[in-house]
Each structure stands twice: as C-alpha cells, then as structure tokens.
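Presented below is the structure to which this report refers.
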Amino acid sequence: MNREDYIKALIKSHGYTMKDFAKLINMPYTTLLSILNGSIGGAAMDNVLKICRALNIRIEDLNNLADKMGTDEPPASETAGIDPQLLKLLQNLPTEKQIALKLLLADK
C-alpha cells in the first residue's frame, strides 16, 4: 500500500467521504483528489500538513505508517499463536477497516 492509498483508507476509517474531508480541512475537493490520486510527495507542503493534522498523524511518520501497512501477509513470527480463523477474518477486512482496527488497538 502506498502513502496515497493509506491516507484514503485512513480518511474512510475516520468516517469521512473525500468531499466531507476536503471541506473539513478547507481544501478544494479537486485538490485533495489530485494529491491522493497522484503523489502526495509532489503536493504543496501546506496541503500535506492540513491532511496530516486532520488525521492526527505526523508527516515524519507517514512513510513509516504506509510501509507498515504495505504487506498483505504478516510475517509468520507475528501470527504465531493467533487463531487461524480470526487471522483469516482480519485479513479479509477491507483496508479502511483494518486501519481503523489497528488504530483502535494501537498502544498510545
């Protein structure tokens, strides 16, 4: 999963549509779509800051968060001792629900 897909999923996991989120951060909807359908790395820094602030993530962590979400199959060391049926259910959740669950269960 790339950074743009991660942000899209995170927006959905917070319960927003793309239009609602664009309004929330006071950004034109078309600008938000351009950023998320193109490359967040090429976006104006103030726009990236608006997105990150609204989602309560730091820009510095954006790459790390997206990288952590990038694998479809977790390493065997992470799944040892987990009920295989539960693991299969979790893997079959849509991406935005997986992110929402991870955020809910994350150590704060």
Side-chain angles (χ1 to χ4, degrees):
M1 172 182 291
N2 62 32
R3 294 175 297 183
E4 294 78 18
D5 290 338
Y6 178 79
I7 293 292
K8 286 179 194 176
L10 199 53
I11 289 168
K12 288 180 184 177
S13 75
H14 278 77
Y16 297 111
T17 65
M18 293 299 158
K19 281 189 177 187
D20 290 339
F21 186 75
K23 285 181 189 176
L24 174 77
I25 63 173
N26 204 19
M27 178 184 293
Y29 173 64
T30 55
T31 301
L32 179 63
L33 285 184
S34 264
I35 291 169
L36 298 179
N37 290 328
S39 172
I40 202 163
M45 185 57 70
D46 60 326
N47 287 336
V48 177
L49 281 170
K50 285 181 185 181
I51 292 168
C52 289
R53 283 185 190 133
L55 296 172
N56 295 317
I57 59 173
R58 296 179 335 153
I59 289 179
E60 299 84 20
D61 296 333
L62 188 55
N63 283 333
N64 294 335
L65 292 171
D67 289 343
K68 288 179 186 176
M69 295 298 300
T71 58
D72 291 336
E73 295 288 328
S77 62
E78 289 183 17
T79 60
I82 298 176
D83 181 311
Q85 290 176 320
L86 176 60
L87 187 58
K88 185 172 180 156
L89 288 171
L90 292 171
Q91 289 172 336
N92 289 332
L93 285 174
T95 304
E96 61 269 10
K97 289 189 179 187
Q98 288 182 19
I99 292 171
L101 186 59
K102 285 182 181 185
L103 290 172
L104 182 67
L105 298 174
D107 294 332
K108 301 235 176 184

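All values derive from a computational prediction rather than experimental measurement. Side-chain atoms are counted along with the backbone in the values below, which use heavy atoms only and exclude waters and symmetry mates.
Taking CD1 from I7 and CD1 from I51, the interatomic distance works out to 6.5 Å, rounded to the nearest 0.5 Å. Put simply, CG on L33 and NZ on K8 are 8.0 Å apart, with the number rounded to the nearest 0.5 Å.
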Review item, side-chain donor-acceptor pairs of residues 15-32, under 3.5 Å, at least two apart:
{"unit_1": "T17", "atom_1": "OG1", "unit_2": "D20", "atom_2": "N", "d": "3.0"}
{"unit_1": "T17", "atom_1": "OG1", "unit_2": "D20", "atom_2": "OD2", "d": "3.1"}

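Side-chain contact between I11 and L36: present, with at least one pair of heavy atoms (C-beta onward) separated by less than 4.5 Å.
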